[in-house]
**Q** 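Dumping the structure here so I can ask a few things about it.
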Amino acid sequence: MLEAEAPDALEKRVKERREGLPELPNADKGKVILRFAPNPNGPLTLGHSRGVIINSHYAEKYDGKMILRYDDTDTKIKRPELKAYDWIREDFTWLAGRKPDIILEASARMSEYLTHAKQFIEEDYMYVCTCTADEFKQLRNDQQECPCRANSTLKNSDLWDQMNDKEGGFNEGDAVVRVRTGMDHTNPALRDWPALRIQRAGHPKVGEKYRVWPLLDFQSAVEDHIQEVTHIIRGKDLMDSTRKQKLLYKMAGWNYPETLYWGRVKVHEFGGFSTSQMKIDIENGNFEGWDDPRLPTLRALRRRGYDAQAIRQFWIDLGLTQKDISVPMSTLNSLNAKAVDVEAPRLSFVRDPRTVILDITEIELTNVTLPVHPEHPAKGVREWPLGDNPLKVKITSEDFSSAEGRRLKDFATISINHQETEQGWKGEIIHIERVDDTPIIHWLPSNMAQPAVLVLEEDGELVSAEGLLEINDYPDGTVVQLERMGFAILEGTEENGARRLVRLHG
RNA sequence: GCUUGUGUGGUGUAGUUCGGCCCAUCAUGACGGGUUCUCGAUCCGUCGACCCGGGUUCAAAUCCCGGCACGAGCACCA
């Protein structure tokens, strides 16, 4: 009786909470090869970052290799941009925290693709089709074979040569190479899908050297095989791509990689991530460039001071589901705040400042002491000398307009008389000690203030808010926390000498 | 139209393969409170979900059947 139940008890699996991403199917440590394959028609966006992070994360997890492949075989619709090759490499390295193991450019691998194409035509896996796109569309819908399908192998080889011949009869749109998958597939996307076509526009990398270019499904299929990619993880919009490629792999006798998918992602604040659309918007002057802080490009996020590790964590938390999702930036911002907070020194920034004049002859204090970071006293303190009487205090216009008393943080409770003098508006110190819950405001003594601008988005507009920044000697690139305002990064100096900051988030 | 995928709190996510440990996890968010001389951080509390309808079963988020909703592909783009 006991023995009969024992096997049951052994098989009883305990449900454990999974940490991080699930295991990859059929993954042998040290043998996994993954790739991330963007089109270099612009820099990487937050959307791309999922591909970079998930793939490189698995590459590290299994001690495997990570390929960065530029899928730049379209010279017309999504024309590659030369600078984007460098941008993407930089974006990748920053985000993944390491360089790709292998970098490939499809345009530099053309001879491989054309050789395979020629061979596949000779083996009759593919044929040249001279129907127009519209004609074939009709045939595909009706599940009818096109006349070209009946051409002999020899004829196809001849037509293939004509496609490649720069002086030949075939022009752009005249002919295309199709994979002979069959017109009887229930899924219309799979019916004799196109593998290569003619493009006359020059390629920014290789110029006019080639006339026939592979389409994504063919280029990717051949390259993944050559590179011995073991796992493909990509958006589920490419599911039919997998099915098409599997048909080709079967003909060629190749083994298709394990494939996993994620769903479509939107971010509440940005919507989708269309590189092409951003390009248009930038050209139209709606944005100042690829690193405009309002854009969801990695360059913009990096400029604003986002932490790469926080972005990595963001995608790993979202996991590998095929659900279409829309996430708010607050989820990422929360992770980012945790990442940057401990290293962010506190500084005071007074936007749109007003000057309040205070008589300090009655008080004993000569300077004000504030922590660099309230949770980490070891980081030291900030000393603000009060200087000569009267003390000129800078506060933001918002705080100024109220008639009620205000407590200058870490200093004194004051009242503002709203009487203007030559030096500023008159105010009075009510007491130094904090005795009530008068609202606390941030401020600066004029001798600790330097001109500054804070670049931030307000109602869709990019605003350079003028103000005064606490004098400091932190280098550019330091993420700071502006008291009562949120995180920002020191970026540089304006022509007029003002310090420039870019807002990160609250 | 054909093909294909997905439905768990406001937003994400774990659990679904192999039904019971799930009156359902964690994060984020909102709300309330403690602490703090920042609108930050931190601590405590509260809110809130298995798309719908049948079926199988002692037992269903999980299995079966049928709906519904939303997304994607059917480009000589990637």
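What you see is a predicted model; the values in this text were computed from it and never measured. These numbers come from the heavy atoms of this one structure, side chains and all, not from hydrogens, waters or symmetry mates. In the text below, chain A, chain B and the rest are named by the order of the sequence lines, each starting its count at 1.
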**Q** Mind checking if A:Leu215 touches a base, just sugar-phosphate, or nothing, with heavy atoms under 4.0 Å?
**A**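 It contacts sugar-phosphate atoms only.
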**Q** Say we look at B:C51 and B:U16: how far apart would their P atoms be, to the nearest angstrom?
**A**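 Taking atom P in both B:C51 and B:U16, they lie 15 Å apart.
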**Q** Taking atom types as they are modelled, would you say the side chain of A:Glu375 forms a donor-acceptor pair with the base of B:U36 within the 3.5 Å cutoff?
**A**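 No, no donor-acceptor pair under 3.5 Å.
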**Q** Among B:G40, B:A78, B:G73, which nucleotide has an atom closest to any side-chain atom of A:Pro374?
**A**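 Between B:G40, B:A78, B:G73, the one nearest the side chain of A:Pro374 would be B:G40.
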**Q** Should the heavy atoms of other residues, nucleotides or ligands under 6.0 Å from CD of A:Glu457 be counted, would the total exceed 12?
**A**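 Count over threshold, so yes.
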**Q** Please determine, for B:G45, whether a Watson-Crick or G-U wobble partner exists with both distances under 3.5 Å, and give it or none.
**A**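 Paired with B:G45, as far as the under-3.5 Å criterion goes, is B:C31.
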**Q** For B:U13 and A:Lys323 - does any side-chain N or O of the residue sit under 4.0 Å from the phosphate oxygens OP1/OP2?
**A**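 Yes, A:Lys323 has a side-chain N/O under 4.0 Å of OP1/OP2 on B:U13.
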**Q** Given B:C37, B:U28, B:G73, which nucleotide is nearest the side-chain atoms of A:Pro188?
**A**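 Within the option list, the nearest is B:G73.
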**Q** Respond yes when some side-chain nitrogen or oxygen of A:Arg234 is under 4.0 Å from OP1 or OP2 of B:A72, and no when none is.
**A**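 A:Arg234 to B:A72 OP1/OP2: no side-chain N or O under 4.0 Å.
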**Q** Would you say A:Arg197 reaches B:C77's phosphate, i.e. side-chain N/O to OP1/OP2 under 4.0 Å?
**A**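 Yes, such a contact exists.
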**Q** Would you say the base of B:C77 and the side-chain of A:Lys78 have a donor-acceptor pair closer than 3.5 Å?
**A**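 Side chain to base: pair found, below 3.5 Å.
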**Q** Need the pair for B:A78. Rule: Watson-Crick or G-U wobble, both distances under 3.5 Å, any strand; none if unpaired.
**A**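 For B:A78, the partner nucleotide comes out as none, under the 3.5 Å rule.
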**Q** Apply the test side-chain hydrogen bond (donor to acceptor under 3.5 Å, both in side chains) to residues A:Arg354 and A:Ser397: give CA-CA distance (whole Å), side-chain angles for both, the deciding distance (0.1 Å), then the verdict.
**A** CA-CA 6 Å; A:Arg354 295 283 187 282; A:Ser397 56; 4.6 Å; no
**Q** So what does A:Gly173 hit on the nucleic acid, given a heavy-atom distance under 4.0 Å: a base, only sugar-phosphate, or nothing?
**A**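 The answer is base, as A:Gly173 lies within the cut-off (heavy atoms under 4.0 Å) of a base atom.
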**Q** Name the residue closer to the 5' end of RNA chain B, choosing between A:Leu320 and A:Ala337 according to the nucleotide with the nearest heavy atom.
**A**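 Result: A:Leu320.
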**Q** Any side-chain donor paired with an acceptor under 3.5 Å for A:Tyr306 and A:Asn333?
**A**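 Looking only at side-chain atoms, A:Asn333 and A:Tyr306 do form a donor-acceptor pair, the distance falling under 3.5 Å.
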**Q** Would you say B:A78 has OP1 or OP2 under 4.0 Å from some side-chain N or O of A:Thr73?
**A**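 For A:Thr73, the contact criterion (side-chain N or O under 4.0 Å from OP1 or OP2 of B:A78) is met.
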**Q** According to the Watson-Crick and G-U wobble definitions, with both distances under 3.5 Å, which nucleotide is paired to B:G20?
**A**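 B:G20 is paired with B:C58.
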**Q** On RNA chain B, compare the nucleotides closest to A:Pro194 and A:His442; which residue's is nearer the 5' end?
**A**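 Here A:His442 is the residue nearer the 5' end.
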**Q** If you count every heavy atom of other residues, nucleotides or ligands that lies below 6.0 Å from A:Gln227 atom CD, does the total exceed 12?
**A**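 Correct, the count exceeds 12.
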**Q** Hey, does A:Asp410 reach any base, or is it just sugar-phosphate, or nothing, if we go heavy atoms under 4.0 Å?
**A**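 Touches a base.
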**Q** Could you check whether A:Asp72 pairs with A:Lys205 (Lys NZ or Arg NE/NH1/NH2 to Asp/Glu carboxylate O, under 4.0 Å)?
**A**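 Judged by the 4.0 Å cut-off on N to carboxylate O distance, A:Asp72 and A:Lys205 do not form a salt bridge.
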**Q** How would you label the contact of A:Lys76 with the nucleic acid (heavy atoms, under 4.0 Å): base, sugar-phosphate, or nothing?
**A**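 It contacts nothing in the nucleic acid.
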